[in-house]
Amino acid sequence: MATRGELVEDIVALGSIAGSKATVDQFVFSCAPTFLLNGLASGAEGMIGLGRTPIALPSQISTSLGTQHKFTICLSSSDGNGIIIVSDQAPQDSVFGSEISRSVTYTPLFSLHEHFIGVKSIKINGKRLSLNASLLSSNGGTKLSTIVPYTTMESTIYATFIKAYIQAAASMNMTRVASVAPFGLCFSSKGIDSSKHLRSKVPAIDLVLQSEMVKWRILGRNSMVRVNDEVMCLGFLDGGLSPMTSIVLGGYQLEDIVLQFDLGTSMLGFSPSLLVWETSCTDFKLDSWPKYSL
Ligand SMILES: *[C@@H]1O[C@H](CO)[C@@H](O)[C@H](O)[C@H]1NC(C)=O
Ligand SMILES: *[C@@H]1O[C@H](CO)[C@@H](O)[C@H](O)[C@H]1NC(C)=O
C-alpha cells in the first residue's frame, strides 16, 4: 500500500561512539496514516528505509555527517531493541566484541533500491539441492527484506527444498505433524529443549554464495518457528509461481545476526547466528554511549 503524506523536516541528535556530537540538521520524514501499519509486526509504529535511496535512514545520516555509506544492523526478535550503527569506521569490535566481528563473512551486495545477494546453490545438511540456476539468479538474485516475515521461495525451488528437508529431517528422526498455517512443513518439538537454539537438532541450511567456501548457514534459531509447546514449523514459505524475486530472505532469517551493508564497496558482511555465542541482538547495550540532546 502507498499513500501521500506531508514531508517533514527536523533536527535529529544521535548517540556517537566516537564521542563527537552528531546531529542531522535536515532530517526528512513523513507522518503516515495508521492504516499503513496494517500487516506490520505488532507494536510497529512506523517504518525506516534501509534501501539504497537518499531518504533511507542510514543514507540521511551518512550524507549529513559526510561519511561513507555503510551501516550495520542487528535485528532482535519480538521483545527488546535491535541495533543500527551508521559508521564508516568499524565499530563492531566495541559493540559486538572481537570474536563476533572476526566471524563476519563478506559477499557481493547488489543494491538497486533494495538489497540482493548472489545465492548460487542451496545445501541441506551438506547435500546440494538440484535447482534451476538461471531461476536462482534471475531478477537480481536473492533479495534481503525485513518486510516479509519469513523467507519465500518460488514454487519449484520451494518444492525441491521441502522434499530435501523432509529427507534430512527423517534422517535426524524428526517427527512430522500436521502443518499449521502459514507454514507448509511442521514437526513435533517434543523432547527438544526450547531454550536451546536447535543447532544440532534440525537440518542445517546453507546458502552457497560466490564460491563453495562462502556459505550463509541458517541454523535452527533462524529456520524453525516454534508455534506452540508441541509444534515447530519450517519458517520458509511458498512464494508462488513466477514471483518478482525467486528467493526473498525474510525477517525471521535476518534476526540475531550481524549484517553489515557497505554501499560504497557493494559488500554485505554477515555473522553466524549470535546464538552460537549464546547471545542475541538485545544483549548489546548501547546505553553507555554518550547521548546528546539538542
Ligand atoms: C529455469 O528457469 C528459467 C526461468 O528463469 C526457465 O526459462 C527455464 O525453462 C528453467 N529450466 C528448467 C530446466 O526448468
Ligand atoms: C534415529 O533412530 C534410529 C533408531 O531408533 C537410531 O538408530 C539412530 O541413531 C537415530 N538417529 C539420530 C540422528 O538420532
Side-chain angles (χ1 to χ4, degrees), residues 1-2 39 49-53 56 105-171 176 179 181-187 202-219 222-225 233-254 257 259 261-263 265-270:
M1 280 186 291
L50 296 174
R52 189 185 201 114
T53 73
T105 303
Y106 295 89
T107 193
L109 177 69
F110 309 95
S111 302
L112 305 161
H113 286 126
E114 299 169 295
H115 301 295
F116 294 84
I117 55 171
V119 173
K120 296 276 165 26
S121 63
I122 299 176
K123 292 182 175 178
I124 294 180
N125 274 357
K127 220 167 127 189
R128 178 191 297 268
L129 311 188
S130 136
L131 298 173
N132 179 341
S134 70
L135 191 54
L136 271 182
S137 61
S138 63
N139 290 331
T142 295
K143 184 162 89 177
L144 274 63
S145 174
T146 55
I147 294 176
V148 298
Y150 305 103
T151 293
T152 60
M153 296 172 157
E154 182 274 340
S155 293
T156 64
I157 297 177
Y158 182 75
T160 308
F161 180 79
I162 288 295
K163 201 169 149 219
Y165 197 93
I166 290 170
Q167 271 182 8
S171 74
R176 249 185 106 172
S179 296
F183 305 107
L185 185 59
C186 299
F187 298 92
V202 306
I205 299 164
D206 287 323
L207 307 179
V208 183
L209 299 164
Q210 68 268 36
S211 82
E212 283 293 312
M213 305 293 294
V214 185
K215 283 178 253 183
W216 179 322
R217 173 155 284 195
I218 300 173
L219 297 173
N222 294 102
S223 63
M224 275 293 168
V225 182
C233 299
L234 186 61
F236 289 72
L237 305 180
D238 186 342
L241 282 165
S242 44
M244 286 267 282
T245 309
S246 301
I247 301 179
V248 182
L249 272 180
Y252 195 74
Q253 280 68 39
L254 303 176
I257 57 179
L259 287 173
F261 294 82
D262 190 333
L263 305 188
T265 60
S266 295
M267 294 298 279
L268 174 77
F270 58 94

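None of these values were measured; they are calculated from a predicted model. Counting starts at 1 for both ligands and their atoms, in listed order.
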Undergrad: Who gets closest to atom 5 (O) of ligand 1 by heavy atom: Leu135, Asn139, Leu131?
TA: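 Closest candidate by heavy-atom distance is Leu135.
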Undergrad: Give the atoms of ligand 1, by number and element, whose distance to some non-hydrogen atom of Ser134 is under 4.0 Å.
TA: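 Per the distance check, 1 (C), 2 (O), 3 (C), 5 (O).
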Undergrad: What do we get for Asn132 next to ligand 1 when only non-hydrogen atoms under 4.0 Å count, side chain, backbone, both or neither?
TA: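 Side chain only.
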Undergrad: Do Asn139 and Thr245 have side-chain atoms, one donor and one acceptor, less than 3.5 Å apart?
TA: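 Result is no, nothing qualifies.
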Undergrad: Would you say Arg176's side chain and Cys186's backbone share a donor-acceptor pair under 3.5 angstrom?
TA: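 No; judged by distance alone, with no hydrogens or angles, the pair does not exist.
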Undergrad: For the residue pair Phe261 and His115, is the inter-centroid distance of their aromatic rings smaller than 6.0 Å?
TA: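 Yes, ring centres under 6.0 Å apart.
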Undergrad: Quick one: does atom 7 (O) of ligand 1 have a protein heavy atom under 4.0 Å from it?
TA: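 No, no protein heavy atom sits under 4.0 Å from atom 7 (O) of ligand 1.
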Undergrad: Going by the ring pair (Phe, Tyr, Trp, His ring centres under 6.0 Å) test, name the single residue among Tyr158, Tyr150, Phe161, Tyr165 that passes it with Phe236.
TA: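 One option only clears the test, and that one is Phe161.
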